[in-house]
There are 2 protein chains.
Amino acid sequence: MRRPDARPLYMQVEAILKERIVSGAWVSGQALPAEPELAADLGVSAGTLRRALAELERRHLIERRQGRGTYVAQQTSERALGQFFRVRNLAGNPVEPETLITRVVTAPASEEDVECLHLSPGAEVHRIDRSRIFEGEPRIVERITLPAALFPGLSLPLAPEQLGTEIYVHYRYRHGIIVVRADEKLSATPASEEDAAVLGCAVGTPLLLIERVTFDAAGRAVELRVSRLDTRAHRYAVEIV
Amino acid sequence: MRRPDARPLYMQVEAILKERIVSGAWVSGQALPAEPELAADLGVSAGTLRRALAELERRHLIERRQGRGTYVAQQTSERALGQFFRVRNLAGNPVEPETLITRVVTAPASEEDVECLHLSPGAEVHRIDRSRIFEGEPRIVERITLPAALFPGLSLPLAPEQLGTEIYVHYRYRHGIIVVRADEKLSATPASEEDAAVLGCAVGTPLLLIERVTFDAAGRAVELRVSRLDTRAHRYAVEIV
DNA sequence: CAGTGGTCTAGACCACTTT
DNA sequence: AAGTGGTCTAGACCACTGA
């Protein structure tokens, strides 16, 4: 452990461990070495290591269980929904969405794509159009835009046994992309004719417009997602701390 | 420091310190004793005390500055806006709101008030109707509902020299209420005639509807705020982690 | 330069899980 | 019983602030 690096040791350790996960040296579900061993390997004290591990746990990159061990976090539909799917019914309870993919194309990035995803002009993107269905009713129409360079040979949950699998699980296991954070900008917009046809509402019905940019563990912008939520029977939950 | 209490020591210490702040034993802006002294007073080690202080800092109840000391956090308009005011212009930059209070009344709580604020039926509430103005244009109409029991003799920033003061600053210094957290439910709604008249938009224009319940450091629901944001030129920013 | 918070260490002991 | 993470301590040293 060298100290010309100005950052505190625990941050350096955190960066080293994060790199091992992001690079795939430690794979999802794998147990990390026990704390005393890992601390000795890294040449730091147990306390310093634990501080780094605590931060990785907060970012959902590892899971620690007393008595069992520390594991590289697995991406599951439950986790992806719990962390990133903020839709609630009017009683305030989470809803379980189904997904219907309507169109997948690969095309040159638009100006908006280039800006939001930090692409070079002319880069290619995949576009996924889909709707999300709660209790049989379509309530969201959305378009997901992905840099083609990060998702070569894009693979989607199209097989019947995968229909319940959240797309962030595929990012992780098919493309090695670990989603950790998203920035959203919210507004209200009237339903277009296409929106209305899918959602079963009148043209002009106010919809909640969600423009999400998603970031991975390496800090890259990996997804632009524009969603329109029909809020006649649902709400979007936010906590401010 | 007794140990029949099942919680870890650092949580007990955190609760003790929080109580001193909430009760007013330590007032806003006051310096806490230095860490070694405070640790000795509490009968815990420096490390345990620091863990409790770190959590209080995360909740914005204290501020720590290396070389200077630890202080009970002061509520300022800048802090209130930075933490709780999520409106951005289309460039993504924060906006500085002005406030126009249009009506203040005290009335029995509605069913919604009782449920959101955990009141007993028949309790009284204050209602504040106001609009918020960015760059000269009214963009938000909102109603704030406060339990009259927590805000006796409600005092508001009505004097000219207080017009730039955020209302959470008044909660803190006039009523001893320290706002730390808020839960919001977002949806889209058409502008009513009154909304349209204030916001200068057409009736039916989609507005972002924000239903916020605010909590204080003691965990009490202290405010219900229903806002309608005109998103023609602004967005509501959210971060998901 | 004195006083403050921030980092880092080494080690004891506790609580939980699995064998 | 063995092995894991969780808590707590005591103390050294560093980095920053303000008189």
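What you are looking at is a predicted structure, and each value in this text was computed from that prediction instead of being measured. Chain letters run A, B, ... following the sequence lines, proteins first and then strands; every chain starts at 1.
If you take CD of A:Glu35 and P of C:dC8, they are 17 Å apart, rounded to a whole angstrom. Protein atom CD of A:Gln12 is 12 Å distant from nucleotide atom P of C:dT7, rounded to whole Å. In this structure, CD of B:Gln30 is placed 15 Å from P of C:dT4, rounded to the nearest angstrom. Spacing between atom CD of B:Glu63 and atom P of C:dT4 amounts to 18 Å, rounded to whole angstrom units. Rounded to whole Å, the distance from CG on B:Leu42 to P on D:dT7 is 18 Å. Note: CZ (A:Arg64) to C1' (C:dA15) measures 15 Å, nearest angstrom.
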Would you tabulate the pairs of protein nitrogen or oxygen atoms and nucleotide nitrogen or oxygen atoms of nucleotides 15-19 of chain D closer than 3.5 angstrom?
residue	atom	partner	partner atom	Å
D:dA15	O4'	B:Gln66	NE2	3.4
D:dA15	N3	B:Gln66	NE2	3.0
D:dG18	OP1	B:Arg68	NH1	3.0

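Here A:Tyr10 reaches the OP1 or OP2 of C:dT7: one of its side-chain N or O atoms lies under 4.0 Å away. Contact annotation: B:Thr70 reaches the phosphate of C:dG5 (side-chain N/O to OP1 or OP2, under 4.0 Å).
For B:Leu9, the listed nucleotide lying nearest its side chain is D:dT9; candidates were D:dG6, D:dT9, C:dC8.
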Would you be so kind as to tabulate the donor-acceptor pairs closer than 3.5 Å made by side chains of residues 233-241 of chain B, with sequence neighbours excluded?
residue	atom	partner	partner atom	Å
B:Arg235	NE	A:Glu211	OE1	3.4
B:Arg235	NH1	B:Thr231	O	2.8
B:Tyr236	OH	B:Glu184	OE1	2.6
B:Tyr236	OH	B:Glu184	OE2	2.9
B:Glu239	OE2	A:Arg181	NH1	3.2

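How far CD of B:Glu112 is from CG of B:Leu224: 5.5 Å, rounded to the nearest 0.5 Å.
A 6.0 Å sphere centred on CD of A:Gln30 holds more than 12 heavy atoms belonging to other residues, nucleotides or ligands. Counting heavy-atom neighbours within 6.0 Å of A:Glu115 CD, excluding the residue itself, gives a total of 12 or less.
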Chi angles and distances behind the ring pair (Phe, Tyr, Trp, His ring centres under 6.0 Å) call for B:His126, B:Phe151:
CA-CA 8 Å; B:His126 303 303; B:Phe151 294 84; 7.2 Å; no
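Salt-bridge formation is not detected for the pair A:Arg20/A:Glu14: no Lys NZ or Arg NE/NH1/NH2 atom is positioned less than 4.0 Å from an Asp or Glu carboxylate oxygen. With respect to the salt-bridge test (charged N to carboxylate O, under 4.0 angstrom), the residues A:Glu35 and A:Arg64 qualify.
B:Leu32 is listed as a side-chain neighbour of B:Leu53, based on a closest heavy-atom distance under 4.5 Å. Contact of the B:Lys185 side chain with the A:Arg88 side chain is not registered, since no non-hydrogen atoms from C-beta on lie closer than 4.5 Å.
Within residues 47-61 of chain B, the residues approaching DNA chain C are B:Arg50, by heavy-atom distance under 4.0 Å.
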